[in-house]
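Everything on this sheet refers to the single structure shown next.
Protein chains get the first letters and strands the later ones, always in sequence-line order, with residue 1 at the start of each.
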Amino acid sequence: MTSHASYRPVPAHVDLPVLEREILDLWADQGTFAASLDTPQNAPRWTFYEGPPTANGTPGTHHVEARVFKDVFPRFKTMQGYHVDRKAGWDCHGLPVEIAVEKELGFNGKPDIEAYGIAEFNAKCREAVVRNVDLFEEMTDRMGYWVDMAHPYRTMEPAYVESVWWALSTIFKKGLLTEDFRVAPYCPRCGTTLSDHELAQGYETITDPSVYVRFPLTSGPLAGRASMLVWTTTPWTLVSNTAVAVNPEFTYVLATDGTETLLVAESLVGKALGEGWTLTGESFAGTEMERWTYDRPFSLIEFPAPAHFVVLADYVTAEDGTGLVHQSPAFGADDMEVCKAYDLPVVNPIRPDGHFEDDVPLVGGQFFKTADRVLADDLAARGLMFNELAYEHSYPHCWRCHTPLMYYALPAWYIRTTAVKDRLLAENEGTSWFPETIKNGRYGDWLHNNIDWSLSRSRYWGTPLPIWRNDVDPSQVVCIESLAELSSLTGRDLSDLDPHRPYIDEITFEVDGQPGTYRRVPDVIDAWFDSGSMPFAQWGYPHAPGSKEKFEQAYPAQYICEAIDQTRGWFYSLMAVGTLVFDQSSYENVVCLGHILAEDGKKMSKHLGNILLPMPLMDEHGADALRWFMACSGSPWAPRRIGHTALSEIVRKVLLTYWNTTAFHVLYAGANEWTPADPAPAFADRPAMDRWILGEAHRLTQQVTDALEEFDTQRAGSLIAAYVDLLSNWYVRRSRRRFWSGDASALATLHETLHLVTLLMAPLTPFITERVWQDLFAATSDELPRSVHLATWPVADASLVDDDLDRQMRLARRVVELGRAARAEAKAKTRQPLRRAVVGSQAYALLSEELRAEIAEELNVRALESFETTGDLVDHSAKGNFRNLGKRFGKQTPVVAAAIAAADAGRLASELSGTGTATVEVDGETVSVGSDDVIIAEHPREGWSVVNDQGETVALDLELDDDLRRAGFAREAIRVIQEARKSSGLDVSDRITLTWSAEGPMAEALRAHTELIADEVLATTITEGAETATFTDDDLGLAFSLAKA
RNA sequence: GGGCGUAUAGCUCAGCUUGGUUAGAGCGCUUCCCUGAUAAGGAAGAGGUCCCAGGUUCAAGUCCUGGUACGCCCA
């Protein structure tokens, strides 16, 4: 049953933030979000994965960006009838959390943590995570991001951890989880290695001492009479110098300054030595130098085996330095490889905390970076320093604590992602990236350069590596996949064990028939593996009851979205884990956003004081405005600046224009007691204006749908904004009189139009559209859903889209634009009616009678005519249409165009309008041209106000007679009376009585047009001769008073 | 050092895929107009070496090559 209820009142003025709070309450009361998930059993699924924010620190405006996109498309797809699960998630583990807690407790490194107690420390980490989640939830709710925060996945939950274990054990069984001793970037403060993608985030430009050091040769042909010149930017590694590498392909030469002789690579002589050096003429191939011995620069530590000779290595380059490269295998991946090949010892005088062992002379106990200075000074004092320069370069730092990293040899667990590199590339090939360039650019490059995933972390707050090792036979290793498996191995029920350190560390077991006890490898894993596991771990797959079904119907995801910094973060870990475990990437479409910058174009930072926090922004401008900005202002793929100006413009231009159109509609529907249930004329029977605006609404529906299917919110937004502008400032403006009179066609048309627009805007601006839905649609129909977000996405009716009518309407608007310009040019006020406006004959012919009337009324002229009927008033001009001519004439184009311009335009015009073709002379030849090749403009000759532009011309007849003048006065009078009505606080439908007094032409005008005026100002009586005028207009010589009738 | 992106009005940005006549919008500024919904709307004006240099083409903001600046990423 359809009710005949009328609209709820819609105030013209609205406080959007207040409106939004009310809508939030409405959604909470009605359980709207839950209802949107209550789809039919057979509803197709559209899967979205929430990339978990690190629940560390407070949410910033940049968090709103991705969360807008994570909301818009699920809402859109839900309206299209899909079931879209949206499970919130929180990334709980990892170094960021540990660092924050350390800071809070005033700690400075791992010893402090161990003294405090791992159990207590991890409890603090858990607390910190829970605390920060609250702030994110508040922001998420306020911005209208519908995601299930009541049942989030949290990477620290036991079920989640067990899922991650299962994935790791799957990878282990494939032989892809292995331990290796490798040189890896290592943070001495945090006491852990960093993965490649963490490393990527911490490069900083710093200045290091760059030293050129003499290494005196002690064997070979140059023994005792020359030194090798060796360059390094890490003097601290010279303490453990083990060898010097030369490139076997290079030639090395001797150079002298008269006092000493140095050996360097031929191509680097000038760069390394500078002025004043001459070659002795002796040279050596790199291969000849193998195993020459030398005096090492420092004799501070013992070497357990012979060392300190020249080795050969292909990786030595001639770009920097001297072509002779110092080797210290504990501190360089290349060094390690080369030295291993020569069976050289790996000597490491530095403790895991980054300090030299206490018993090392000179630098004992010093931090490795600090030691640079002492060591350089010592080299200089002993005459070994050839040159020292400040060297500015980009050096990796810990991305959290900014400590310079060491490359450090440590045992570590790796996932051999290089073994599945081809699969990753193939999966990426099948993935749609938005923008497309990321796929084979930034991300594709990254995959091509894939290296093994350094997984283990010597830390505390993370998913424990589920590997137990036999303490008697370390080659015996077990990787468990669940607490259940651990229970069966230990023979104890461990199902309630907190699978975190230190509790898990205490679990040991023995295996029958094997000596020794299995103890857990103490590492935790990279938190990126946690987040990359969310497609299955969010359901506790495969252990939790029901998780298999949930997982299988939601893998892979159709859609994920994060900012561009996640290319090497979550986008990678998600694809890598999916491919490693299931041999299939976990997402099909990925939207990759640019970063949000402050209004000054810089990153927001406390330091610069340019931070805009999301909650205050939404309290001031509203969440809809912020959402619109994120989705529709500028390109989401590019970095964008956000500021108050941009947001208030969105409010004024888009949101309030839409709002006011609905308020207008409700006002006159109410005034005329119209309801949507009233019978509406058939579409074909409606005026052109109505058929046009409704047809364009259907065109908009198609275009917005297409744009959103391509994840192009910017295009959707600009289409909607343009339509809303046309609706308000052309359709409603031109149709006002019909609304005043309660015209059923106009009211039905605007109702239907607003219905479409409201649906189309709903995913982008869910609050204001919900308010409108409640007041205009839910209130008037029992058949419609109780929320716009439960409504069905509209399907465009192509049969209502009329291209020809749209072309006419564009032309009409164009003519009006030129007509207004002509009025301004002539200083002829719009209120003064004119006899006629004249347009080009072509334009006139294209316009229907209805549209000519619209134009005449809008321009306040009595008639619209064509130059054809104004006879010899008109001159013509002609010019070539290059776009067409170019296709036909190629190189001859400019000549033909010149010939057209030079021809008699009047003749061309008549030939073209007669036969459709005309001829011009080009280089003595006659060339035939058609209407499309020539642009003809018409110009009136005298006494007219004329504007012509781009081939269109509008002229106004400025001659006035008494009748026109009186009509002008009458309209002036109407205008001031309307203003008086408004300032008296009258309602638009209130009737009035009017008394007036005036003299001369104004009095004549009022007498002549009494009926018109009464009609316009809703006067029941008009009396001449006001004794006590409440309103006077001296310019018009008019005094009047009015009273509510 | 390498990769990617960006560069158009005082500001924020479209346009570049598919070359075409006088390069657009909004904000801001000046003047005027319109208003029976509007916090709105309209017209005109001022404001542009479309980053630079070559090239292709009848024709380049648009395509190609090289460079500069800035940003992000990598080493």
Side-chain angles (χ1 to χ4, degrees), chain A residues 10-14 196 199-201 203 317 319-320 393-394 396 435 437-438 440-446 449 564-565 567-568 594-595 597 599 601-603 633-635 637-643 645-646 648-653 655-668 671 714 718 721-722 725 728-730 732-733 736-737 739-740 816-825 827-831 858 860 879-887 889-897 935 947 949-951 974-975 977-979 981-982 986-990 1016-1018:
Chain A
V10 173
H13 293 267
V14 62
D196 207 39
L199 185 69
Q201 297 180 48
Y203 274 83
T317 72
E319 275 171 21
D320 284 308
H393 62 155
S394 155
T437 49
I438 308 283
N440 293 314
R442 194 173 276 218
Y443 188 74
D445 288 347
W446 160 254
N449 297 318
I564 191 161
D565 51 282
T567 26
R568 285 151 173 84
H595 283 129
L597 304 175
E599 202 154 22
K602 300 192 170 119
K603 252 188 205 171
S633 289
S635 169
W637 322 137
R640 290 175 295 166
R641 303 177 179 199
I642 189 168
T645 327
S648 61
E649 197 179 321
I650 288 165
V651 170
R652 286 188 292 112
K653 290 275 189 191
L655 302 179
L656 290 183
T657 306
Y658 164 72
W659 179 262
N660 283 318
T661 305
T662 68
F664 171 89
H665 177 63
V666 169
L667 180 64
Y668 287 104
Q714 183 191 18
S718 60
D725 183 66
S728 170
N729 293 317
W730 180 248
V732 170
R733 176 188 167 84
R736 276 180 295 191
R737 285 177 181 276
F739 286 95
W740 300 343
V816 165
E817 185 186 334
L818 295 177
R820 285 172 181 153
R823 271 193 176 270
E825 183 81 8
K827 300 206 187 311
K829 289 176 136 190
T830 310
R831 257 175 258 140
E858 180 65 23
N860 195 19
K879 59 179 175 175
N881 180 354
F882 278 78
R883 195 189 276 272
N884 269 321
L885 294 177
K887 283 181 196 132
F889 296 105
K891 284 196 182 196
Q892 293 301 307
T893 306
V895 192
V896 178
I935 297 166
V947 169
D949 188 58
Q950 303 273 342
I974 289 166
R975 162 77 188 139
I977 296 164
Q978 297 291 24
E979 241 167 44
R981 280 184 60 111
K982 199 171 189 180
L986 293 176
D987 196 80
V988 291
S989 54
D990 286 340
E1016 291 286 311
V1017 304
L1018 304 184

No-H, no-angle donor-acceptor pair, Ser728(A) side chain to A37(B) base, under 3.5 Å: yes

side-chain N/O Tyr668(A) vs A37(B) OP1/OP2, d < 4.0 Å: yes

Carboxylate-amine/guanidinium contact Glu1016(A) Arg975(A), below 4.0 Å: no

Sugar-phosphate only, base, or nothing, as touched by Glu1016(A) at under 4.0 Å among non-hydrogen atoms: base

Distance between P atoms of A23(B) and G45(B) (Å, rounded): 14 Å

Sugar-phosphate, base or nothing in reach of Val651(A), heavy atoms under 4.0 Å: nothing

Distance below 4.0 Å between Lys887(A) side-chain N/O and U18(B) OP1 or OP2: no

Distance, P atom - from G15(B) to G2(B), rounded to whole angstrom: 30 Å

From Leu655(A) atom CG to Ile650(A) atom CD1, the distance as rounded to the nearest 0.5 Å: 7.5 Å

Touch class at under 4.0 angstrom, heavy-atom based, for Gly880(A) against every strand present: base

Sidechain-backbone polar pair: Asn884(A) side chain, Asn881(A) backbone, donor-acceptor under 3.5 Å: no

Touch class at under 4.0 angstrom, heavy-atom based, for Asp725(A) against every strand present: nothing

Paired stretches of RNA chain B - 3 or more consecutive Watson-Crick or G-U pairs, each distance under 3.5 Å: B:1-7 with B:68-74, B:10-13 with B:24-27, B:29-33 with B:41-45, B:51-55 with B:63-67

Check against side chain to side chain contact (heavy atoms under 4.5 Å, CB included), Asn860(A) and Lys829(A): CA-CA 10 Å; Asn860(A) 195 19; Lys829(A) 289 176 136 190; over 6 Å; no

Gap in Å between the two C1' atoms, one belonging to A14(B) and one to U8(B), rounded: 10 Å

Short side-chain N/O contact to A40(B) OP1/OP2 from Arg652(A), under 4.0 Å: yes

Any Arg883(A) side-chain nitrogen or oxygen under 4.0 Å from OP1 or OP2 of G20(B): yes

U22(B) OP1/OP2 closer than 4.0 Å to side-chain N/O of Lys879(A): no

Sugar-phosphate, base or nothing in reach of Leu885(A), heavy atoms under 4.0 Å: nothing

Any Lys653(A) side-chain nitrogen or oxygen under 4.0 Å from OP1 or OP2 of C27(B): yes

Pairwise distance OG(Ser989(A)) to OH(Tyr668(A)) - rounded to 0.5 angstrom: 8.5 Å

Euclidean distance, Tyr658(A) OH relative to Thr661(A) OG1, rounded to 0.5 Å: 9.5 Å

A59(B) versus G3(B) - spacing of their P atoms, nearest Å: 33 Å

Arg442(A) CZ to Arg568(A) CZ distance, which is reported to the nearest 0.5 Å: 6.5 Å

Any donor-acceptor N/O pair, Arg736(A) side chain to Arg733(A) backbone, under 3.5 Å: yes

His595(A) vs Val1017(A), nearer the 5' end of RNA chain B by closest nucleotide: Val1017(A)

P atoms of A46(B) and A25(B), separation to the nearest Å: 13 Å

Heavy-atom side-chain contact between Trp659(A) and Pro11(A) under 4.5 Å: yes

Near-parallel close stack of Trp740(A) and G36(B) base (under 5.5 Å, under 30°): yes

Check: Arg981(A) side chain, Val1017(A) main-chain N or O, donor-acceptor pair, under 3.5 Å: yes

Main-chain N/O of Leu656(A) paired to Asn660(A) side chain as donor or acceptor, under 3.5 Å: yes

Check: protein-nucleotides 29-33 of chain B nitrogen or oxygen pairs below 3.5 Å:
residue : atom : partner   : partner atom : Å
C33(B)  : O2'  : Thr830(A) : OG1          : 2.9

Touch class at under 4.0 angstrom, heavy-atom based, for Val666(A) against every strand present: nothing

Pairwise C1' distance, U35(B) and G71(B) [rounded to whole Å]: 47 Å

Any N/O donor-acceptor pair, Glu649(A) side-chain to G26(B) base, under 3.5 Å: no

